[in-house]
Structures are given as structure tokens and as C-alpha cells.
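Have a look at the structure below, then the notes.
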Amino acid sequence: MSKHSTQLKVAVVGAGIGGLSAAIALRNAGHAVTVYEKYASAFTSTTLPLSNAISTGANILRIIDKWGFDFKKSKAGLALGERIFHGETMKQMHYIDMKYNREDFGYDWLIMRRQALHEGLLDIVASTPDGMTPIEVHLGQEVMSLDCDEGSLYLQHGEEVLNDLVVVADGAHSKLIHTITNHTTPPLRAGRTAYRFMVPREKIMADPVLRAVYENDEEGFTYYQIPEKGIWFLVTQSDEGDLPENVDSHERTLTSWLFGYDVLAEARKYRETTQPQTSQLVV
Ligand SMILES: Cc1cc2nc3c(=O)[nH]c(=O)nc-3n(C[C@H](O)[C@H](O)[C@H](O)COP(=O)(O)OP(=O)(O)OC[C@H]3O[C@@H](n4cnc5c(N)ncnc54)[C@H](O)[C@@H]3O)c2cc1C
């Protein structure tokens with residue numbers, strides 16, 4: 001039984017990073033939490049195909065550390081610096097020394113696989129602190145609609161679940177938010193395109209052209225920007241950690257997260273206009 005006399009019955013919609021974090025915080029505050037995830041697995045974020053790496057700063061690390069996140073298991077890599085080059089001239093436009101993170105905020109900046117962050121949160125969900133109510137996770141249960149005034153949500157087969165509090169964490173493509181605001185907010189083109197690649201340092205060092213750029217570089221982020229064309233390539237590389245392969249090594253089509261076009265085909269279009277260092281990474 002909960003130590004808290006004011007325990008709320010809470011429903012969280014979505015088992016993404018946001019939903020799981022909300023569930024953990026609310027459970028730790030003494031509430032009875034049930035998570036509803038529409039997919040059969042709790043790791044099916046719609047953002048996965050585009051973003052297998054997630055960069056995590058002190059703000060998130062401080063919180064998940066307090067919850068008992070297992071950083072060793074996540075095999076997170078360090079990001080110590082950030083360099084921005086012009087993608088055509090290779091002139092360095094900007095450098096940020098990211099070591100200030102540890103000095104100023106007590107945590108390094110880390111890069112980890114999105115799945116590792118997700119799995120680490122699921123481990124915390126599964127381990128209930130003494131006196132708290134275990135979180136229930138219902139997979140394969142899509143929430144079809146909400147009634148904000150009543151606190152009820154409706155599942156696929158019309159089942160109604162009454163709650164004291166509903167947390168809607170159904171992602172950037174949220175459909176449920178429309179049932180609250182009564183209007184849709186379509187995505188807008190920003191006029192810039194960002195391509196993001198995760199490249200193991202081993203692979204970079206094996207290539208003479210790339211080696212010349214990265215040899216004396218610390219682990220971290222490198223951007224190649226062509227501001228005149230609104231293009232950003234972001235490459236992350238790290239000595240440590242279990243980091244995913246460069247996207248070109250996967251036989252798959254990457255689809256724009258918001259607009260549905262073939263990302264690799266688009267990236268290849270710019271290959272000819274960039275320096276070898278940039279195009280080498282796009283392949
Ligand atoms: C390309 C890219 C790179 C990014 N890089 C970073 C980064 O480096 N660092 C960082 O901090 N952030 C990054 N982000 C942002 C970060 O990924 C998101 O902020 C985070 O994933 C949001 O988590 P979420 O739980 O709100 O949503 P999601 O991860 O989208 O999860 C939503 C969940 O809700 C479920 N769901 C949806 N509708 C329903 C329903 N009706 N019923 C039940 N379940 C439902 C979905 O299946 C999904 O599992 C990046 C995002 C993108 C797109």
C-alpha cells in the first residue's frame with residue numbers, strides 16, 4: 001500500500017521517453033500509474049528510423065541518475081566538443097568545448113543509442129521502490145480518445161477507463177492533442193534540412209580522407225553546414241560506447257520524419273557539391 005494518502009489513479013498515454021519518464025516520476029511520488037502503448041513493444045518510437053542516437057545533457061542525466069539509471073549498461077559515449085565546418089569550403093566556423101558540462105553542471109554530455117535510453121527507463125519502470133505501487137504497462141493498447149472533463153480514456157474496443165489524471169505523451173505526431181484543442185497543427189517547413197549520421201571512430205580512422213579531419217579531434221559532434229542552401233550534416237563520433245553504424249551501411253530507406261521523402265536520396269543530391277570529407281560520410 002502507498003505511503004501517500006492522496007494517491008491518484010494516473011493513466012499515461014505512450015511508452016516513449018516522455019511517457020516512461022512521467023510514469024516513473026509519478027510512481028515515485030506515490031501515485032498508481034498505468035501506461036498505455038499502442039504498439040506491442042515499448043520500444044517502437046516513430047522517430048527510431050531517423051534517430052538511432054540521442055544526445056543527452058546534464059538536465060536529463062541528473063534526473064535519470066537520481067532514478068538509478070544504469071549508465072554502464074547503456075554504454076553511452078562521451079561528447080567532448082562540437083565543431084562546425086562549412087560543407088563546401090571546409091572552413092571551421094565554430095567550436096564549442098563541451099567539457100564545461102562536467103565542470104559547470106556535474107555531468108558530461110553523453111551520446112547513447114535511443115534504444116539504450118529507452119531500455120534503461122524500462123528497467124527503472126520495472127523496479128518499484130519500497131512502499132510504491134508498481135507501474136502497469138499495457139502494450140498493444142491504443143488510446144482512441146479522451147474525455148478531459150471526466151478524466152476518462154477510451155481504448156480500441158470501446159472500453160472506458162476512468163482516471164484522476166491523464167498524461168498525454170503520444171509524441172510529436174500526437175492525435176489526441178487535437179481532441180483537447182479542437183484544432184490541428186500541421187508541420188511547417190523550416191527551410192533547413194538536417195541529416196544526422198553516427199559514425200564509429202574506427203571506421204573514420206580506416207579512411208585516409210576522414211582520418212585527416214578527425215585524427216586529432218576529441219569525441220563529439222561535427223556539423224557540416226551549407227547555410228546558403230539550408231543544409232546541415234551532423235556527424236557524431238566517439239571512442240567509447242556502443243554506437244550504431246553509419247546509416248549507409250544499412251540496406252534501408254530513410255524517410256523524412258515529418259514530410260515523408262527519401263532522406264538518403266536527398267542527401268546524395270548534395271554529395272557532388274560538398275568536400276570529400278563531407279561526401280565520404282554520406283556515400
Ligand atoms: C531526428 C530526431 C533526433 C532527435 N535527437 C534528440 C537528441 O539528440 N536528444 C534529445 O534529447 N532529443 C532528441 N530528439 C527529440 C526526442 O526524440 C523526443 O523529444 C522524444 O522522443 C519525445 O518522446 P515522447 O515520449 O514524447 O514521444 P515518442 O518517443 O514519439 O513516443 C510516443 C509514444 O506514444 C505512442 N502512442 C502514440 N499514440 C498513441 C495512442 N493513441 N495510444 C497509445 N500509445 C500511443 C507511440 O507508439 C510512442 O511509443 C530527436 C528527435 C528526432 C526526430
Side-chain angles (χ1 to χ4, degrees), residues 11-25 34-64 69 74 76-77 79 82 98 101 107 109-122 125 136-147 152-157 159 161 163 166-180 187 190 192-198 220-221 223 232-236 238 241 243-244 247 254-261 263-264 266-267:
V12 175
V13 185
I17 294 166
L20 294 180
S21 298
I24 293 165
T34 305
V35 179
Y36 296 89
E37 166 57 50
K38 73 175 171 182
Y39 288 113
S41 153
F43 180 63
T44 46
S45 166
T46 44
T47 56
L48 172 64
L50 262 187
S51 170
N52 52 12
I54 193 145
S55 94
T56 48
N59 50 356
I60 174 172
L61 297 177
R62 187 176 299 118
I63 294 168
I64 62 177
F69 186 84
S74 77
E82 180 170 299
M98 292 172 73
N101 283 287
Y107 288 86
W109 196 283
L110 299 181
I111 316 167
M112 62 181 99
R113 286 182 307 117
R114 183 177 281 271
Q115 187 157 1
L117 176 59
H118 216 115
E119 284 170 358
L121 290 175
L122 283 169
V125 163
E136 281 184 36
V137 181
H138 293 204
L139 300 176
Q141 293 244 13
E142 183 168 2
V143 174
M144 307 308 286
S145 60
L146 298 167
D147 183 330
S152 51
L153 51 80
Y154 298 89
L155 303 172
Q156 285 113 315
H157 306 297
E159 187 191 340
V161 185
N163 305 279
V166 179
V167 177
V168 180
D170 59 345
H173 295 276
S174 173
K175 286 189 190 136
L176 291 176
I177 198 100
H178 306 149
T179 65
I180 299 167
R192 291 182 188 168
T193 307
Y195 303 102
R196 199 162 124 159
F197 304 88
M198 201 76 175
F221 307 102
Y223 291 89
W232 296 41
F233 290 97
L234 166 59
V235 179
T236 40
S238 178
L243 300 177
V247 283
L254 294 179
T255 311
S256 163
W257 184 55
L258 286 178
F259 300 107
Y261 57 79
V263 170
L264 275 187
E266 280 283 305

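Indexing begins at 1, ligand by ligand and atom by atom, following the structure's order.
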Atom indices of ligand 1, in the order listed, that fall short of 4.0 Å to a heavy atom of [X]:
X	result
Gly19	25 (O)
Val13	40 (C), 42 (N), 43 (C)
Ser55	7 (C), 8 (O), 9 (N), 10 (C), 11 (O)
Tyr39	47 (O)
Gly14	33 (C), 34 (O), 35 (C), 44 (N)

Distance in Å, [X] [atom1] paired with [Y] [atom2], rounded so as to fall on 0.5 Å steps:
X	Y	atom1	atom2	answer
Asn101	Leu110	CG	CG	9.5 Å
Leu122	Leu20	CG	CG	5.0 Å
Tyr107	Leu61	OH	CG	7.5 Å
Leu155	Tyr36	CG	OH	6.0 Å

Between [X] and ligand 1, is there a nitrogen or oxygen pair with a distance under 3.5 Å?
X	answer
Lys38	yes
Ile54	no
Ala172	no

Establish, from distance only, whether the side-chain atoms of Trp109 and Thr56 form a donor-acceptor pair under 3.5 Å.
no
Any donor-acceptor pair under 3.5 Å from [X] side chain to [Y] backbone:
X	Y	answer
Glu142	Met144	no
Ser174	Asp170	no
His138	Lys38	no

Which residues satisfy the side-chain contact (heavy atoms from CB on, under 4.5 Å) test with His178, sequence neighbours excluded?
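With sequence neighbours excluded, His178 shows a side-chain contact (heavy atoms from CB on, under 4.5 Å) to Thr184, given in chain and number order.
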Side chain or backbone of [X] under 4.0 Å from ligand 1, or both, or neither, by non-hydrogen atoms?
X	answer
Tyr36	backbone
Ile60	neither
Ala169	backbone

Which one of [options] has a non-hydrogen atom at the shortest distance from [atom]?
atom	options	answer
atom 17 (O) of ligand 1	Arg114, Gln156, Glu37, His173	Arg114
atom 26 (O) of ligand 1	Ala15, Ser145, Gly18	Gly18
atom 40 (C) of ligand 1	Val143, Thr56, Leu121	Val143
atom 30 (O) of ligand 1	Ser21, Ser174, Gly171	Gly171

Min side-chain heavy-atom separation Ile54-Ile17 under 4.5 Å
yes
Those residues at least two apart in sequence (or on a different chain) that pass side chain to side chain donor-acceptor pair (under 3.5 Å) with Ser152 are Glu160
Any heavy atom of Met144 sitting closer than 4.0 Å to ligand 1?
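Judged by the 4.0 Å heavy-atom criterion, Met144 does not count as contacting ligand 1.
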Of all the heavy atoms in Gln141, does at least one lie under 4.0 Å from an atom in ligand 1?
yes
